Amino acid sequence: MGLSLAFHILFAAAGIALPLLMVLSDLKARRTRDPDYTALSVKLAKGTAILFAVGAVSGTVLSFELGLLWPGFMGTWGEVIGLPFALEGTAFFTEAVFLGIYLYGRDRISPGLHLFSGVMVALSGAASAFFVTLVNTFMNDPVGFTLTATGPVDVDPVAAMFSPGWVHQTTHTLVACYQASAFAMVGIHALVLLRHPGLGFHRKALSVALPLACLSALVQPLVGHQSAEHVARAQPVKLAAAEALFETQRGAPLSVGGLPDVETDTLRYALELPRGLSLLAFSDPNAEVKGLEEFPRDEWPPVTKVHLAFQVMVGAGGAMALLALVTLVLRWRQGGWPEGRWMLGAWLVCGPLGAVAMEAGWLVTEWGRQPWILRGVMRTADAVTPVGALAVPFWTFTLVYLFLGVMVVFLLVRQVAGTVPHGREPHEVAHAH
C-alpha cells in the first residue's frame, strides 16, 4: 500500500496542479493573443489527460487495496468515514466530464465555455484531493462517533469528515501539489532554455509556472507552521518523534539534522537552535514540549524514520522558499523574471525538490501516526489483513507502477520535445540571414 501511494501521490499531484497551469495559460492567451500561450495550454491539457488516466488506474488499485489489505479498518470504520470517499468519487467524475469538454471542445464551443470547463477541471481536481485528505485527517484525529465494545455508534459522518486539523492538513496537501508540479515544470523548461536559450515558447512557459512556484514555496512554510502547532497540541508524540526529542523540556531547542539513537535515547550530530522548538510549536520560547519519555514505548513511532523524513521535508521546503525569495527580489530589481544561466541552473536543481518534500511529508504523516491506523482507537496490526503470501501481488503491483511511471515520462518527454527545434536555433538562423 505504501508503494502504491508513493507512486499515486506523484501522479495525483500533477493531475491536480496542471489544470490550474493550463487555465492560467489560457487566460494569458486570451489577454495577449499570443499563439505560444495557446500552444502551451494545449500541451498542458494533453499532460493533464495523461496524468488523469494514470491517476485513475493507480487510484483504482488503491481502492481495491483499501478493502483487501485493511479489512479490519474498512469493515469497522467504513460507515464513519465513507462520506468523503463518496464525494471524492463525485469530484473525480466531474473532472472527467469537464476534461473531455475541454480537450475536444476547443474551437467547437465558445471560448468562454471552453475556459469555464478548464476552471471546472482545476476545481474538481482540487476537490478530489481535498476529500481524500479529509480521510487521512480523520485517521489522525478520529471524532464523530461513540466507541463501544462492538464498534462505533452514534455516528456523525459530517463531524467525522471535518475532524480537528482538517483546515491545516488539507491546505498543506493542496499547496504541496501545486508547489511540486510548478517546480517540476519550471525545472523542465529551465533545462530546455539552458540548452536552447533562444526559445520564446519556454520563456513564456516559465512566466506561467514561476509565479505559482514562488507563491506556493513562500506560503507552504506558513501553512506548515500552523500544521505543526496543531500537531504539537493534538499529536505530541508525533512532534517528539519528528524532532527526536526524548526528554520533556521547557525552552526546547530546534534540532537541525542529527541521527537518533533509540537505544540511548539521544540525538547525535544535530545542530540545536536554543528554544526554537518551543517558539515554533507554541509561540512561546519557554513553553514545555513533551518528549518521547512521556509516552509508552510501544506507542512510539519509528523515531529514526520520522525524524529523517521530517528533516528532508523541511530542508527541501527551506531551499525552495529561499530560491523563490531570491527570484522575486531579482524580478523586482530587473523588472522581469530572471533568465541568467545561474538562475536557470538553480531552478533546474531545485525542480525535483517539490516532489521530494511531498513524499517526505507524507511519510512523516503516516509513520508519525504509528502504531495506530486510527490514532488511539485501532492499531495498524489489528486492521491489516491476516492473509499471507502477498509477495506475488506486491511484485505485480510494483511492475505495474514501474510500467506506468516509464510510460508517463515517455509521453511527457514527447510533449516537451515537440517544442524543441532540431538543428540551429531560431536566433542563429536569424543571425545568419
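Being a predicted model, the structure only gives us computed values, none of them experimental. By convention here, the first residue in the shown sequence is residue 1.
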[X] to [Y] - nearest heavy-atom pair and separation:
X: A252; Y: L245; result: CB-CD2, 4.4 Å
X: P301; Y: V306; result: CB-CG2, 4.1 Å
X: A234; Y: R375; result: O-NH1, 3.3 Å
X: Q249; Y: P253; result: OE1-CD, 3.3 Å
X: D141; Y: P164; result: OD2-O, 3.0 Å
X: L134; Y: P84; result: CB-CB, 4.4 Å

May I ask you to test the [X]-[Y] pair for a side-chain heavy-atom distance under 4.5 Å?
X: Y102; Y: D26; result: yes
X: S278; Y: D284; result: no
X: N140; Y: K238; result: yes
X: E299; Y: W372; result: yes
X: L66; Y: M1; result: yes
X: H172; Y: Q220; result: yes
X: F85; Y: V132; result: no
X: R297; Y: W300; result: yes

key: Evaluation steps, side chain to side chain contact (heavy atoms under 4.5 Å, CB included), between Q370 and T380   = CA-CA 7 Å; Q370 301 308 312; T380 306; 2.7 Å; yes
Is the backbone of [Y] close enough, under 3.5 Å, to the side chain of [X] for a donor and an acceptor to pair up by distance?
X: H307; Y: G257; value: yes
X: T171; Y: H168; value: no
X: S163; Y: A159; value: no
X: R268; Y: P260; value: no
X: S216; Y: L212; value: yes
X: Q169; Y: S227; value: no
X: T38; Y: A29; value: no
X: S128; Y: S124; value: no
X: S181; Y: Y178; value: no

From [X] atom [atom1] to [Y] atom [atom2], the distance as rounded to the nearest 0.5 Å:
X: L18; Y: L44; atom1: CG; atom2: CG; answer: 6.0 Å
X: I16; Y: L123; atom1: CD1; atom2: CG; answer: 12.5 Å
X: L20; Y: L174; atom1: CG; atom2: CG; answer: 11.0 Å
X: L348; Y: H189; atom1: CG; atom2: NE2; answer: 12.5 Å
X: L280; Y: E243; atom1: CG; atom2: CD; answer: 8.5 Å
X: T60; Y: L62; atom1: OG1; atom2: CG; answer: 9.0 Å

query = Taking atom CZ of R331 as the centre, does the number of heavy atoms from other residues, nucleotides or ligands within less than 6.0 Å exceed 12?
reply =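 More than 12 within 6.0 Å, yes.
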ask   = Does CZ in F93 sit with more than 12 non-hydrogen atoms of other residues, nucleotides or ligands closer than 6.0 Å?
value =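 No, not enclosed.
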query = Are the aromatic ring centres of F92 and F131 under 6.0 angstrom apart?
reply =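 No, too far apart.
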request  = Step through it carefully: locate the ring centre of W166, locate the ring centre of F138, and say whether they are under 6.0 Å apart.
outcome  =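 Ring centroids of W166 and F138 are no less than 6.0 Å from each other.
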Plane angle bin for Y401 and F7 - parallel if under 30°, tilted between 30 and 60°, otherwise perpendicular =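 Geometry flag for Y401 against F7: parallel rings.
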request  = Just say parallel, tilted or perpendicular for the rings of F116 and F98, cut-offs at 30° and 60°.
outcome  =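 Rings of F116 and F98: perpendicular, over 60°.
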task = Could you walk me through whether F52 and F11 pass the side chain to side chain contact (heavy atoms under 4.5 Å, CB included) test, one step at a time?
result = CA-CA 8 Å; F52 181 84; F11 300 142; over 6 Å; no
request  = Decide side chain to side chain contact (heavy atoms under 4.5 Å, CB included) for I373 and W70; before the verdict, give the C-alpha distance in whole Å, the side-chain angles of both, and the deciding distance to 0.1 Å.
outcome  = CA-CA 10 Å; I373 190 170; W70 306 101; 3.8 Å; yes
inquiry  = Could you walk me through whether T133 and N136 satisfy the side-chain hydrogen bond (donor to acceptor under 3.5 Å, both in side chains) test, starting with their C-alpha distance in whole Å, then the side-chain angles of each, then the deciding distance to 0.1 Å, before giving a yes or no?
reply    = CA-CA 5 Å; T133 306; N136 191 267; over 6 Å; no
Can you list everything that forms a salt bridge (charged side-chain N to carboxylate O under 4.0 Å, His left out) with [X]? Sequence neighbours excluded, please.
X: D382; answer: none
X: D154; answer: none
X: E366; answer: R369

task = Would you mind telling me which of T248, D265, V303 makes a side chain to side chain contact (heavy atoms under 4.5 Å, CB included) with L292?
result =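 Passing option: V303.
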query = Is it the case that E229 and H225 place a side-chain donor and acceptor less than 3.5 Å from each other?
reply =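 Yes, H225 and E229 have a side-chain donor paired with an acceptor closer than 3.5 Å.
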inquiry  = Let's go through T173 and W362 carefully: what are the C-alpha distance in whole Å and the side-chain angles of both, what is the deciding distance for side-chain hydrogen bond (donor to acceptor under 3.5 Å, both in side chains) to 0.1 Å, and is it a yes or a no?
reply    = CA-CA 9 Å; T173 299; W362 166 68; over 6 Å; no
ask   = S207 and K28: side-chain hydrogen bond (donor to acceptor under 3.5 Å, both in side chains), yes or no, with the steps?
value = CA-CA 10 Å; S207 73; K28 279 210 166 188; 3.3 Å; yes
message = I'd like to know whether L254 forms a side chain to side chain contact (heavy atoms under 4.5 Å, CB included) with E272, so could you lay out the CA-CA distance, the side-chain angles of the two residues, the decisive distance to 0.1 Å, and finally the verdict.
response = CA-CA 5 Å; L254 181 68; E272 292 189 347; over 6 Å; no
